[in-house]
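Presented below is the structure to which this report refers.
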Protein chains: 2
Amino acid sequence: MIDECKALSNETRLRILNWLKDPEAHFPCGDTAELGVCAGLIQQKTGASASTVSAHLAVLQRAGFLQATRRGQWIYYRRDEARIRAFAEDLHHTL
Amino acid sequence: MIDECKALSNETRLRILNWLKDPEAHFPCGDTAELGVCAGLIQQKTGASASTVSAHLAVLQRAGFLQATRRGQWIYYRRDEARIRAFAEDLHHTL
DNA sequence: TCGCTATTTCGCTAATTAACGAAACATACC
DNA sequence: GGTATGTTTCGTTAATTAGCGAAATAGCGA
């Protein structure tokens, strides 16, 4: 629970999660098939450096909110909706 | 939302919130009338220093999770259930 | 293998958080 | 006012987080 709360304690990471809720709308010129959105597009949209965004994505992945799939030199990220929902409900019950 | 998530990103603070869910059960030898639990009892139960616990309680108060009432030299803390519930639901909708 | 692109990891700096003991402040009593 | 207790604030140290640029790694095509 603490890792998840820490993952959500950052504006950029909240934004990324929100964008990935509706990839087609937020990444119109990207191939956002069921694999998700590639790291490069996410990086561009945040306006931060590639290394910073990579670290953010890693935090979100470690918290269980994102799943990653490598396809060649591209890595696609998508939300793990089940984990996100489970966390939200768990938190609701814990508080 | 970020302040709230940060407030929850600490084991001791989570514990305090949980204890204050049911004050009578967790603080049996304390006067836990509707004012809540006095800071000294909370401090003792955490096992941390008074200054540390004071800082934790301040974080929880700033996040809106706790309300404080001073009665003479004692300060009593209680949960703000409405704010806690609102945050949990807001988070649920945001994620 | 080389050159290129995509991405992560590393090294660094700066800011924030966590914890403590001491000092300061708030309240009460004699 | 002096003393005592409860609590917060301050000053300090240590750990963690945030962000960057450079270096390293991963994958691809010629």
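Order of the sequence lines fixes the chain letters, A, B, ..., with proteins taken first and strands second; residue numbering starts at 1 for each chain.
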Is [Y] close to [X] at the side-chain level, that is, under 4.5 Å between some pair of heavy atoms?
X: Y77(A); Y: I16(A); value: no
X: R78(A); Y: E34(A); value: no
X: I2(B); Y: N10(A); value: no

Quickly work out the [X] [atom1] to [N] [atom2] distance and round it to whole Å.
X: R13(B); N: dA18(C); atom1: CZ; atom2: C1'; answer: 9 Å
X: I2(A); N: dT17(D); atom1: CD1; atom2: P; answer: 11 Å
X: L41(B); N: dT5(D); atom1: CG; atom2: C1'; answer: 14 Å
X: N10(A); N: dA15(C); atom1: CG; atom2: P; answer: 17 Å
X: Q43(B); N: dT8(D); atom1: CD; atom2: P; answer: 10 Å
X: Y77(A); N: dA6(C); atom1: OH; atom2: P; answer: 15 Å
X: L57(B); N: dT9(D); atom1: CG; atom2: C1'; answer: 14 Å
X: L60(A); N: dT8(C); atom1: CG; atom2: P; answer: 12 Å

By the 4.0 Å heavy-atom rule, please label [X] as base, sugar-phosphate, or nothing.
X: A55(A); value: nothing
X: A58(B); value: nothing
X: A39(A); value: sugar-phosphate

Name the orientation class of the two ring planes belonging to F65(A) and F87(A) (parallel below 30°, tilted from 30 to 60°, perpendicular beyond 60°).
->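 Plane angle over 60°, so perpendicular.
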Of the listed nucleotides ([options]), which one gets closest to any side-chain atom of [X]?
X: S49(A); options: dA18(C), dC20(D), dT7(C); answer: dC20(D)
X: H56(A); options: dG19(D), dT17(C), dA19(C); answer: dG19(D)
X: S54(A); options: dT8(C), dT16(C), dA18(C); answer: dT8(C)

Does the dG21(C) base have a donor-acceptor partner in the side chain of S51(B) within less than 3.5 Å?
-> yes
Can you see which heavy atom on K6(A) is nearest to which on S9(B), and at what distance?
-> N-OG, 3.3 Å
Filtered N/O pairs between nucleotides 24-27 of chain C and protein, under 3.5 Å:
{"unit_1": "dT27(C)", "atom_1": "O2", "unit_2": "Q73(B)", "atom_2": "OE1", "d": "3.1"}

Y76(B) and its side chain to side chain contact (heavy atoms under 4.5 Å, CB included) partner, picked from L35(B), I42(B), L41(B), V37(B) =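 By the side chain to side chain contact (heavy atoms under 4.5 Å, CB included) criterion, Y76(B) pairs with just one of L35(B), I42(B), L41(B), V37(B): L35(B).
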Out of L57(B), D80(B), I84(B), which residue meets the side chain to side chain contact (heavy atoms under 4.5 Å, CB included) rule with L66(B)?
->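 One option only clears the test, and that one is L57(B).
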